[in-house]
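Okay, structure first, notes after.
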Amino acid sequence: MSARDFKATLRLPEGAFSMKADLAKREPQWLDRWNKAGLYRAMLARPTEKKFVFHDGPPYANGNLHYGHVLNNTLKDFVTRFRSILGEQVKFIPGWDCHGLPIEQNVERALGPKMRELTPMQRRARCRDEAQKWVDAQSEQRQRLGMLGTWDHPYLTMQPAFEGRVLEALAAFVERGIVYRGLKPVWWSSAERTALAESELEYEDDHRSPSVYVRFRGEASVAERLRKRFPTMREGSPVSAVIWTTTPWTLPANRALAVHPELEYVLLERSKRDGTVEYLLVAEPLAKSVIAACGWSTPELLPRTMHGAEKAFLGEELAGLVFQHPFEDRTAPIVHADYVESTAGTGIVHTAPGHGRDDYNTGVKYGLEVYSPVDDAGEFTDELGPVAKSWGIVGKHVFDANPVISAKLEELGALCNADGAFIVHRYPISWRSKKPLLTRATVQWFIAMDEKMASGARPGKTLREVALEEIDRLAKEGSLADAEGVEARGWVPAWGRERIHGMIAARPDWCISRQRAWGVPIPALHCDRCGHPNLSVALVKHVAKLFASKGADAWYDESASVVPEGFCCEKCGATDRFTRDASILDVWFESGSSFYAVCAGDPDLGFPCDLYLEGSDQHRGWFHSSLLVGIATHGHAPYKTVATAGFVGEKVQVTQDDGKVKTKLKALAKRDIEEKRQRGEDVSVYDPQKIIAVDGAEILRLWVASNDYTDDIGLSKAAFDQVKESYRSIRNVLRFLLQVVRGEVVETVAEVGSALQPIDRWQYQKLVALVSRCETAYRHYDFRAVVAAVSEFLSDASGFYLDVSKDWLYNDYKSDRVRSTLAVCDATVRSIAVILAPILPFTTEDVWDHLPRRAGDPSSVHLCTWPKLSVEHDSSLEDAVRAVRVLRDRVNLALEPLVSAWGAEKKAAQQEKRAPGDDEAKWPESARIDHARDADVVATVTKDEATLVAPLKDVLAECLLLGAVTVNVHDGAPSVRVVRGAKAACVRCRRRIRDVEDASGLCGRCTRAVARWDAEHPAPAAG
RNA sequence: GGGCCCAUAGCUCAACGGGUUAGAGCGCCUGGCUUAUAACCGGGAGGUUCCGGGUUCGGGUCCCGGUGGGCCUACCA
């Protein structure tokens, strides 16, 4: 008779939850299912008192999603989902920024010269289609990431209702009296023929600019005055100020020379080959470099020492000197400016108020003309001076005119250095065309940062003042809230405050007009009689209403009545004819108004918003413009918390000088990636769509969650491999827990009640702590702490609690300790599914699908609420487990060499084709230990240790994974004696327990278990 | 040039207001199990906490100065 196979009597793990996730294939199926079931609608429909107003910063509707979007959108979804699971209503309305230059240019490129033939209305229609195309594409890609949102009802900045609200926001600024029209230099893109906002600039690292040093000949009075100071100056020899510029094209617009009043200047005496002498004025600290740059050989140069040691003099002494323009018949007076540096150039700055912000300010101070003879295309106009005009550069692009001007300067003897010299430096370029920009004075609409506001919530204060106060208020409310243990408020991370503060403090007036067609028009009416540009509150509000119903296209529709009834020119009172302003609003004004258009009026949302979350570049962009708009409309910031993410870069290995290899972060450059591709390297890691297609969005989400998003994040294959690995390990433990529960409705911890065993109670305590820790971490937007805590918890459970419990889970039959452990396993898998649901929405749903439903369980894990667990904390259990683990380490230390040695012997015997342990003297029975469960251990412990371990004494052998254990209490050095159990291993549980019966081969526990099993499973009638 | 920030093990991150021998997870090496098995368990190696000063009884942590990196910014005129 063969031995009975007891396998059927065991409670082994089982279940259909697959080890392989197959995410790439299954994620779309879940998405489809959720959509069909209306999951997000169901989430929003749950009755709740609390709302969380989370406002989406609109991505620009141009191009596919890149890593920055992935990072940002994933983080947003963590928040949406977490807040929902907390039981709050989070209506996330995804938005898109649809107007602006890049879209207009996509269309232009596709259409070519035909674009010019279209009316503004037709052009706008094309742009609308283009924007919609990308909105649709990005919407799909964002949804594919698993993002929750009202995808059927997004907000688009090109929707009429939105456009109307934008103008209402503009009306608020007008009402505050801080919108003005002025002639100021702005960054100008000649390629796009428009002014650009600060946030639309990009910088090119290796930009090449001409570098010219130019003489400005002093008037006769200059030499006279200087000779009073320097009597040895030769009479009749020319005196010149030397300037340096990288923009020779701005020289025609020169109106002054600026010096620093406190900088020291010297006069150089230069003997020329023809025997004549010239004098050159430069700053002392720069004299050397100027001499070098101009190639004046040293013998020709004589520093002039005057009045003893006093050879230098201060810039302030130069006041009143007047120099001649190098080619036009005009003068350039010396002015003072404290931005003049002593680190580059000559210390004398060529000043063209029409072509630079500093120059402009200096011009205002000294009453200089703001002169800018350059048109929209960046070409010189016939406003040029007669000499420059005679060079044939009218109609020439300023950058193309540079060499002409240099050559002419050389001809005129005004050029000090060699023609063709250049420097390589960083220079602003257009974000779209990548063409270099110029600074050009044009008439634009501005919002004043430093004008006192005439009305609103904070009259008498300037926009800048209130903005700075608001920044501090958020920071302060944040720290207060933090101290009370409430979620993070204000700036996350805290240094965001410094960043935006610095930016607001230093920014110039906001230039809000753009000379383009694709946007929201500035609804100003220019009086045909007197030319006055009218922009009144009533007018703006009137047009706002028009736009809200007909869209901004109405501005370009001659039949639309943009003039309000009874309207007359503010200046001359004319009522007959007006011309519509041709500018559109800066797109940052539009997106900055999004809270006003989307949240402020929605009963499901509100104002201010709880959270804005974007990349840290938005301190200059959206956070910044939203703050300013919020102050105009409501008198305060439109958000309570601003969280920022860093940037995604590429991880590169760098060998340091000391030979050590370090990994550094490099900005993701398309150029670099393209090079790699051409070299045949695998570049799939740089394309998030590829990761999704191969590994699944869940992997991207976990990657985001396990990084410190406030810092820059490095991209590498190794990092993704690691994320995949940690995903597997999380999934496997969850899988095992599911297999333990086996799809059965087990008792809850509460139902088990007093039958809860000490070790289960200990594990449950840990779970309760985990739940609470994760909640805090989520509230502080610290997602990696959630992942870290859960990973550590699961890893520990796998290594200790679950490993240990297997003994009774498999082998007991319906014992109290099985009930107890099952209850804890069930609570664990349920809680962790909910905890991880915001980060891993697909996997946790998979887990939820494999759990049996209890009454009241929702159909989806995403309709669950945050776990509410509680247990009275018993620290003696922690002490007990700690002590047991110390003991376990000690036992393992003794056991390990024995198991290893016997293992080696078995292996050797197999190779030598002999029976293992045939040398009986060397391998007595007691030394043949295959596994810890064969061991019978006698451990001597101290009294203290025994007391600590006491709560777990009933499961001590199991905790140590041993066949049997005996504990001797004896104060002194602890010791461990290990032998193989004397009896045979139990045929069912395979432990060498001391009470194994020879007849049945079963130990006592298994005998009872089998008896109960047999009683409940009557054998089928023998056939 | 200016502002803000970052630097701890191969990777991703910990280490309360300065306080034992700097930890975890993953990877790596290695042993075991074959009742979580393309899984699981044990053991091990691996760090001059970027460098140099300073304050302190004591520095990964605070201060100063470098180096490297990132974002933002600036008419290098």
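Below, each value reflects all heavy atoms present in this structure, side chains not excepted, and no hydrogens, waters or symmetry copies. Proteins get letters first, then strands, A, B, ... in listed order; numbering begins at 1 in each.
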Exercise for the section: Looking only at side-chain atoms of A:Asn707, point me to the closest of B:C13, B:C71, B:G42. Expected result: B:C13

Exercise for the section: Confirm from the modelled atom types if A:Glu792 and B:G25 form a donor-acceptor pair under 3.5 Å, side chain to base only. Expected result: no

Protein and nucleotides 36-38 of chain B: nitrogen or oxygen contacts under 3.5 angstrom:
unit_1	atom_1	unit_2	atom_2	d
B:A36	OP2	A:Tyr810	OH	2.4
B:A36	N7	A:Lys806	NZ	3.1
B:A36	N6	A:Ser798	OG	2.8
B:U37	OP1	A:Arg735	NH1	3.0
B:U37	OP1	A:Arg735	NH2	2.8

Fill in the blank from the handout: Sorted by chain and residue number, the salt bridge (Lys or Arg N to Asp or Glu O under 4.0 Å) partners of A:Asp812 (sequence neighbours excluded) come out as A:Arg817, A:Arg1005

Completion exercise
Rounded to whole Å, the CZ-P distance (A:Phe720 to B:G27) equals 18 Å

Exercise for the section: Ignoring backbone atoms, test whether A:Arg620 places a side-chain nitrogen or oxygen under 4.0 Å from the OP1 or OP2 oxygen of B:C4. Expected result: no

Exercise for the section: Run the numbers on A:Trp188 and A:Thr442 for side-chain hydrogen bond (donor to acceptor under 3.5 Å, both in side chains), then give the verdict. Expected result: CA-CA 9 Å; A:Trp188 188 272; A:Thr442 52; over 6 Å; no

Exercise for the section: Please check if the distance between the ring centroids of A:His624 and A:Trp588 is under 6.0 Å. Expected result: no

Exercise for the section: Please determine, for the side chain of A:Arg933, which listed nucleotide (B:U12, B:U34, B:G43) has the closest atom? Expected result: B:U34

Handout entry: NZ/NE/NH1/NH2 to OD/OE distance under 4.0 Å, A:Glu958 and A:Arg991
Key = yes

Practice task
Answer with base, sugar-phosphate or nothing: what part of the nucleic acid does A:His355 contact at a heavy-atom distance below 4.0 Å?
Solution key: nothing

Practice task
Dot-bracket for RNA chain B, please, read 5' to 3', with Watson-Crick or G-U wobble pairs under 3.5 Å on both distances, ( ) within the strand, [ ] crossing, | other strand, . unpaired.
Solution key: (((((((..((((.....[...)))).(((((.......))))).....(((((..]....))))))))))))....

Practice task
Give me the one residue out of A:Leu10, A:Leu822, A:Leu802 that meets side-chain contact (heavy atoms from CB on, under 4.5 Å) with A:Leu809.
Solution key: A:Leu822

Practice task
Remember a base hit wins even if backbone is also touched, and classify A:Glu498 as base, sugar-phosphate or nothing at under 4.0 Å, heavy atoms.
Solution key: sugar-phosphate

Practice task
Would you classify A:Ala788 as touching base, sugar-phosphate or nothing, given that sugar-phosphate means primed atoms plus P, OP1 and OP2, and contacts are heavy atoms under 4.0 Å?
Solution key: nothing

Problem - Out of B:C71, B:G25, B:G31, whichever nucleotide has its closest atom nearest the side chain of A:Ser795 - result: B:G25

Practice task
Please work out if A:Ser900 contacts a base, only the sugar-phosphate, or nothing of the nucleic acid, heavy-atom cut-off 4.0 Å.
Solution key: sugar-phosphate

Exercise for the section: For B:G3, take OP1 and OP2 only and decide whether either is under 4.0 Å from a side-chain N or O of A:Arg497. Expected result: no

Practice task
Please check the phosphate of B:U35 (OP1 and OP2 only) for any side-chain N or O of A:Arg990 closer than 4.0 Å.
Solution key: yes

Exercise for the section: Using the P atom on both, measure B:U67 against B:U20 and round to a whole Å. Expected result: 33 Å

Handout entry: Rounded P spacing from B:C5 to B:G23 in Å
Key = 30 Å

Completion exercise
Per side-chain contact (heavy atoms from CB on, under 4.5 Å), A:His350 is matched among A:Thr245, A:Val212, A:Val214 by A:Thr245

Exercise for the section: Give a yes or no on whether a salt bridge exists between A:Asp934 and A:Arg990, defined as a side-chain N under 4.0 angstrom from a carboxylate O. Expected result: no

